[in-house]
A.B. asks: 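My questions will all concern the structure given below.
What you see below is based on every heavy atom in this structure, not just the backbone, and it leaves out hydrogens, waters and symmetry mates. As the structure is a prediction and not an experimental result, all values here were calculated from the model. Starting from 1, each residue takes its place in the sequence as its number.
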Amino acid sequence: MVCLTLAAGVSRAEDAPSTAPKKLNRTEWSLTAIIDQELARQWQSLGVEPSPVADDATFLRRVSLDLIGRIPTVAEARAYLNDQSPNKSGALVDRLMASPEHARHMAVLWRRAWIPQTETPQFSRLADDYERWLAREIRRGVGFDQLVAQQLMVPVSKMLIPVDADAFHTASPAFLAVAELEPVQLAANAARAFLGVNLDCAQCHDHPFAHWSREEFWQTAAFFARPKLEHESAFLRIAVGDSQQMVAARFPGGGSPILPQKLDVETGRRLLAEWIIAPENPFFARNLANRSWAMLLGAGLVEPLDDLSEANSHPHATLLDALAKELVHARFQLRPILRAIVLSRAYQGESRAVDGVRYLLDSSFATMPMRGLSGDQLYDSIVTAAGLPVRADSRQRRQFTEDFRIDQVTEARRSLVQSLLLMNGELTAEATNAERGPTLQAIADAPFLNSDDQVETLYLATLTRRPSETERETVRHYLERIENPRVGLSDLLWAMLNSVEFNTNH
């Protein structure tokens, strides 16, 4: 049996400020330093010893999965591991974030964060269109404040789903469509997605744990109601539930909108969008920062993600405010804070697991949690490892992503059905085909590769690292004993694709 283990960690030269990458501007490096200093202060006060810094191979695999949604290719892995430059981590992050794959992966992550309803099969077409629109806008460098505002202000005339997302002249109507333009549902969804605030409980009664009142919920819902004209004056009002009580639109936390003389069906949504994305809004920037942190480290600085109401009393409030301030300064471009986070000490720490499979989530972020791969990440990583062509919109990929959907990455364990699908499914069979698998063909047929080279290439293709001496020796002996080396390589690839190491981001 081949031994598949997690690699030990060693420090990288770039961890010291004196070797900061040349492309890292002062603001971004200062933000990384703030992250490191704030968490170091907390670790010291808690008496927590952070895990060692992960080695280059682990960092390369982790940041590739997080920024472009797949493991590196063999060529990418060799290039990074052989690179001796002190600035290589920053250069790697720059390259990953500049790629079209980064925009596509971010579109998937934010689609799930903003409209989780599209995870169901009935909205699969809507989800695909939404991701194409969002990826295109991210590639164009549109700020996340504008991305949110555009979604809320989609004209009703654009609510029909076009054949191609490029037909949108504004934004995808997905956020409005999943709620069927229902004011109550839109108010709850917008508060959760864009403010990190759970208003749902206040729909029927005052929130038991936060200061949100039932009246505030319905005042927010009024922004999504159709304007009413009475005595030649226009109002944004809505009836509270099934009662006759009417409430006027007011912003969460107080403040009435200034209504224009003429209202249309988008007026309320436009006024609410302008309030949401305003730099002085106490929730919007912190929500973006908190969700971005969670995407990279498995959990937000404040949990649950839709409970920012009392964030000021949270242990990580100072750090969250620093990230939010940078977002406002960067005009809601996410790349500066994503870059600062992935170059921080917390992100670069080793992962630890109990009994090899249990995921460890540390609220102090002294240890990087092991995270299960999403269906998208797993599919794209298998395709990359096997050398198969990328088929981003294929039926097979869509079905695979649905079959391997996970709700919480830090608690993700494969179900029995998922394990069987991974072992015996269509994609695994195609990837490990001894006669037609591109990676296997390249390894088996290359005349310049000896057995050690073959083993190393297989490890780089799947686990993004070179094998240990014990692993190298074990695999070499296995290949020498088997009658057909090509079949032996296929069996090894199958074992690696089904390993815990391959199926986790660690």
A.B. asks: State whether the side chain of D307 and the backbone N or O of E303 hold a donor-acceptor pair below 3.5 Å, judged by distance alone.
C.D. replies: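 Absent.
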
A.B. asks: Is a donor on one side and an acceptor on the other found under 3.5 Å between the side chain of T504 and the backbone of H506?
C.D. replies: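 No; zero donor-acceptor contacts below 3.5 Å.
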
A.B. asks: Please identify each residue that fulfils side-chain contact (heavy atoms from CB on, under 4.5 Å) with S344, with sequence neighbours left out.
C.D. replies: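 S344 satisfies side-chain contact (heavy atoms from CB on, under 4.5 Å) with T32, I35, D36, A346, Y347 only.
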
A.B. asks: Have T58 and D55 got a donor and an acceptor in their side chains that come within less than 3.5 Å?
C.D. replies: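 There is such a pair (donor and acceptor under 3.5 Å, judged by atom type) between the side chains of T58 and D55.
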
A.B. asks: Of all the heavy-atom pairs spanning G300 and L305, show the shortest one and how long it is.
C.D. replies: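 Heavy atoms of G300 and L305 come nearest at CA-CD2, 3.9 Å.
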
A.B. asks: Specify the closest pair of heavy atoms between F400 and I382, including all atoms of both residues, with the distance to one decimal.
C.D. replies: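 Closest approach of F400 to I382, heavy atoms only: CZ-CD1, 4.1 Å.
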
A.B. asks: Does some side-chain heavy atom of L308 sit less than 4.5 Å from a side-chain heavy atom of L195?
C.D. replies: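 Not touching, per the 4.5 Å side-chain cut-off.
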
A.B. asks: Under a 3.5 Å threshold, yes or no: a donor from one side chain and an acceptor from the other, between Q42 and S45?
C.D. replies: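 No pair is found: no donor N or O on one side chain lies under 3.5 Å from an acceptor on the other.
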
A.B. asks: Do W43 and F365 have their ring centres less than 6.0 Å from each other?
C.D. replies: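 Not close enough - the centres of the two rings lie 6.0 Å or further apart.
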
A.B. asks: Does R345 offer a backbone N or O that forms a donor-acceptor pair with the side chain of Q348 under 3.5 Å?
C.D. replies: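 It does not hold such a pair.
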
A.B. asks: Between S351 and M368, is there a donor-acceptor pair closer than 3.5 Å when you use the side chain of the first and the backbone of the second?
C.D. replies: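 Checked: pair present.
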
A.B. asks: Would the distance check show the side chain of S51 and the main-chain N or O of E350 forming a donor-acceptor pair, the cut-off being under 3.5 Å?
C.D. replies: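 Checked: pair present.
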
A.B. asks: Between I68 and S99, is any pair of side-chain heavy atoms under 4.5 Å apart?
C.D. replies: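 SC-SC contact between I68 and S99 confirmed.
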
A.B. asks: Quick one: does R61's side chain get under 4.5 Å of L65's, heavy atoms only?
C.D. replies: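 Yes, side chains in contact.
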
A.B. asks: Are there over 12 heavy-atom neighbours, none belonging to R331, within less than 6.0 Å of that residue's CZ?
C.D. replies: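 Result for CZ/R331: open.
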
A.B. asks: Tell me if a side-chain donor or acceptor on Q418 pairs with a main-chain N or O of S415 at a distance below 3.5 Å.
C.D. replies: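 At least one qualifying donor-acceptor pair exists.
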
A.B. asks: Between E501 and R465, does any side-chain N to carboxylate O distance fall below 4.0 Å?
C.D. replies: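 Yes.
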
A.B. asks: Do the side chains of R104 and E131 get close enough for a salt bridge, i.e. N-O under 4.0 angstrom?
C.D. replies: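 Looking at R104 and E131, the cut-off is not met.
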
A.B. asks: With a 4.0 Å cut-off on N to O distance, would you call R70 and E76 a salt bridge?
C.D. replies: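 Looking at E76 together with R70, the answer is yes, because their closest N to O distance falls below 4.0 Å.
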
A.B. asks: So, using side chain to side chain donor-acceptor pair (under 3.5 Å) as the criterion, who are the partners of N433 when residues are at least two apart?
C.D. replies: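 Scan of N433 (side chain to side chain donor-acceptor pair (under 3.5 Å), adjacent residues dropped) gives none.
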
A.B. asks: Is any side-chain heavy atom of V148 closer than 4.5 Å to one of F284?
C.D. replies: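 Yes, their side chains come closer than 4.5 Å.
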
A.B. asks: Between W114 and F175, is the gap from one ring center to the other below 6.0 Å?
C.D. replies: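 Ring centres of F175 and W114 not closer than 6.0 Å.
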
A.B. asks: Enumerate the residue pairs fulfilling ring-ring contact (aromatic ring centres under 6.0 Å, His included) with a member in residues 88-109, sequence neighbours excluded, ordered by first and then second residue.
C.D. replies: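 Pairs touching residues 88-109 that pass the test: none.
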
A.B. asks: Whether R371 and D66 form a salt bridge (side-chain N of Lys/Arg under 4.0 Å from carboxylate O of Asp/Glu) is what I want to check.
C.D. replies: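 Salt bridge between D66 and R371, a charged N being under 4.0 Å from a carboxylate O: yes.
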
A.B. asks: Looking at E101 and G69, would you say the former's side chain and the latter's main chain have a donor-acceptor pair under 3.5 Å?
C.D. replies: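 Absent.
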
A.B. asks: Before accepting this row, confirm whether a basic side-chain N of the pair R132/D129 lies closer than 4.0 Å to the acidic partner's carboxylate O.
C.D. replies: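 Yes, this pair counts.
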
A.B. asks: Please check if the side chain of T118 supplies one atom and the backbone of A127 the other of a donor-acceptor pair under 3.5 Å.
C.D. replies: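 Judged by distance alone, no pair lies under 3.5 Å.
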
A.B. asks: Under a 3.5 Å cutoff, is there a donor and acceptor pairing between the side chains of E180 and Q185?
C.D. replies: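 Side chains of E180 and Q185: no pair found under 3.5 Å.
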
A.B. asks: Is it the case that the side chains of T457 and R78 hold a donor-acceptor pair, with the cut-off being a distance below 3.5 Å and no angle test?
C.D. replies: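 The criterion, which ignores hydrogens and geometry beyond distance, is satisfied for T457 and R78.
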
A.B. asks: State, without any angle test, whether Q454 and Y459 hold a side-chain donor-acceptor pair at a distance under 3.5 Å.
C.D. replies: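 Side-chain D/A pair, Q454 to Y459: absent.
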
A.B. asks: Which heavy-atom pair separates E456 from P467 by the least distance, and what is that distance?
C.D. replies: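 In terms of heavy atoms, the two residues are closest at CA-CD, 3.9 Å.
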
A.B. asks: Checking T464 against Y80: is there a side-chain donor and acceptor pair closer than 3.5 Å?
C.D. replies: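 Checked: Y80/T464 side chains show no N/O donor-acceptor pair below 3.5 Å.
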
A.B. asks: Is the closest side-chain heavy-atom distance between I71 and F502 below 4.5 Å?
C.D. replies: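 With C-beta onward as the side chain, the pair touches.
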
A.B. asks: Any donor-acceptor pair under 3.5 Å linking the side-chain atoms of S374 with those of R405?
C.D. replies: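 There is no such pair (donor and acceptor under 3.5 Å, judged by atom type) between the side chains of R405 and S374.
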
